[in-house]
Undergrad: 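If you scroll down you'll find the structure; I have some questions about it.
Predicted model, so just to flag it, every value in this text is computed and none were measured. For the numbers below, each heavy atom of this structure counts, side chains included, while hydrogens, waters and symmetry mates do not.
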Amino acid sequence: MNAMNEHLRLICCCIASLVLAASALGKARAPRAFADAVLRMRIVPGRAVGKVAVAVPLIEAALAVAVWVPPLATWAFAAASGMTVAFTAVLASVIARGIDTSCSCFGVSAAPVGPAHLVRNAALLLAVGAGWVSALLHDSGTALFPAFPEALPGLFAAVCVSVLIIAADVLSEVFSGARPKNTRAAS
């Protein structure tokens with residue numbers, strides 16, 4: 001059980017870190033786009049939008065690091081799970097209310113919030129939830145992670161899953177056949 005838990009924890013740490021860091025970076029690179037998306041979603045009062053737009057990427061960045069720190073890992077995975085549930089509820093609310101907006105979860109995006117966003121968040125919730133359980137089950141007398149050569153398949157899987165989660169907007173557009181509007185003038 002300990003060897004399996006070491007692999008699971010490594011995979012979950014990688015997915016959580018990559019996805020949360022990419023999300024924080026995307027929001028930090030386009031803070032106005034994220035603030036506008038929060039405003040259009042009508043989930044917080046207008047006066048709180050700026051604070052939310054600053055706090056969310058900071059929390060995501062902190063959690064991306066904290067999942068690797070043994071004394072903080074259980075708390076960090078629990079917080080990441082709670083945050084993912086909250087974000088999923090917000091997106092489900094946006095869909096249910098028929099609000100046509102993008103989420104700007106990973107920076108500027110033209111893809112409207114839709115079912116693909118819920119699937120993406122479910123995948124992330126599965127990873128951070130499993131990380132939480134793995135952190136809870138960790139025996140302090142054992143290694144946190146597997147040795148390097150044995151860790152490679154898990155690292156590869158974690159990177160692949162992370163890329164799929166991060167690219168959900170693009171993948172949903174490709175597979176739905178939706179094409180972004182061409183905003184350039186014809187030459």
Side-chain angles (χ1 to χ4, degrees), residues 13-68 72 75-128 158-159 161-187:
C13 282
C14 286
I15 293 170
S17 286
L18 291 171
V19 172
L20 291 170
S23 183
L25 182 62
K27 290 175 179 87
R29 288 181 62 196
R32 189 72 240 159
F34 179 59
D36 290 344
V38 171
L39 184 64
R40 286 189 309 271
M41 289 180 187
R42 299 190 305 264
I43 53 170
V44 296
R47 65 184 179 281
V49 167
K51 292 174 185 163
V52 168
V54 169
V56 168
L58 289 175
I59 293 168
E60 289 173 332
L63 292 175
V65 173
V67 296
W68 293 100
L72 302 176
W75 170 86
F77 276 119
S81 296
M83 191 170 66
T84 304
V85 168
F87 290 166
T88 305
V90 166
L91 295 176
S93 169
V94 166
I95 293 168
R97 292 181 290 146
I99 298 173
D100 186 19
T101 187
S102 65
C103 76
S104 297
C105 298
F106 293 96
V108 177
S109 173
V113 173
H117 292 87
L118 300 178
V119 171
R120 174 199 66 203
N121 282 19
L124 178 58
L125 183 58
L126 179 65
V128 294
V159 169
V161 169
S162 298
V163 167
L164 290 172
I165 290 171
I166 294 165
D169 282 357
V170 173
L171 293 172
S172 69
E173 287 178 15
V174 167
F175 290 110
S176 71
R179 300 192 183 263
K181 296 175 185 170
N182 186 354
T183 56
R184 295 183 191 171
S187 315

Undergrad: Could you give all pairs that pass the side chain to side chain donor-acceptor pair (under 3.5 Å) test and reach residues 49-61, with sequence neighbours left out?
TA: S23-E60, K27-E60
Undergrad: If you compare all heavy atoms of A24 against all heavy atoms of P57, which two are closest, and at what distance to 0.1 Å?
TA: CB-O, 3.3 Å
Undergrad: Please check this pair: side chain of S81 against backbone of F77, looking for a donor-acceptor N/O pair closer than 3.5 Å.
TA: yes
Undergrad: Minimum heavy-atom separation for A79 and L63, please, with both atom names.
TA: CB-CD2, 3.8 Å
Undergrad: Taking side-chain hydrogen bond (donor to acceptor under 3.5 Å, both in side chains) as the definition, give me every residue that meets it alongside R32, ordered by chain and number, with sequence neighbours left out.
TA: D36
Undergrad: Distance from D169 atom CG to H117 atom NE2, nearest 0.5 Å?
TA: 3.5 Å
Undergrad: Measuring from atom CD1 of I99 to atom CZ of R40, what distance do you get when rounded to the nearest 0.5 angstrom?
TA: 10.5 Å
Undergrad: Please list all pairs passing the disulfide (SG to SG under 2.5 Å) test where one or both residues lie in residues 87-126, with sequence neighbours left out.
TA: C103-C105
Undergrad: Is the number of heavy atoms from other residues, nucleotides or ligands within 6.0 Å of CZ (R47) greater than 12?
TA: no
Undergrad: Testing the basics here: between A80 and L20, what is the closest heavy-atom pair and its distance to 0.1 Å?
TA: CB-CD1, 4.3 Å
Undergrad: Provide the closest heavy-atom pair for A66 versus W75 in the form atom of the first, atom of the second, distance.
TA: CB-CZ3, 4.4 Å
Undergrad: Could you tell me which residues satisfy side-chain contact (heavy atoms from CB on, under 4.5 Å) with V161, sequence neighbours excluded, listed by chain and number?
TA: I15, I165
Undergrad: Go through the structure and list residues passing side-chain contact (heavy atoms from CB on, under 4.5 Å) with T84, not counting sequence neighbours.
TA: T88, N121, L124, L125, V128
Undergrad: So, using side-chain hydrogen bond (donor to acceptor under 3.5 Å, both in side chains) as the criterion, who are the partners of S17 when residues are at least two apart?
TA: W68
Undergrad: Which distance, rounded to the nearest 0.5 Å, do you find between the CG of D100 and the CD1 of I95?
TA: 11.5 Å
Undergrad: Take R97 and I43 through the side-chain contact (heavy atoms from CB on, under 4.5 Å) test and state the conclusion after the steps.
TA: CA-CA 11 Å; R97 292 181 290 146; I43 53 170; 3.9 Å; yes
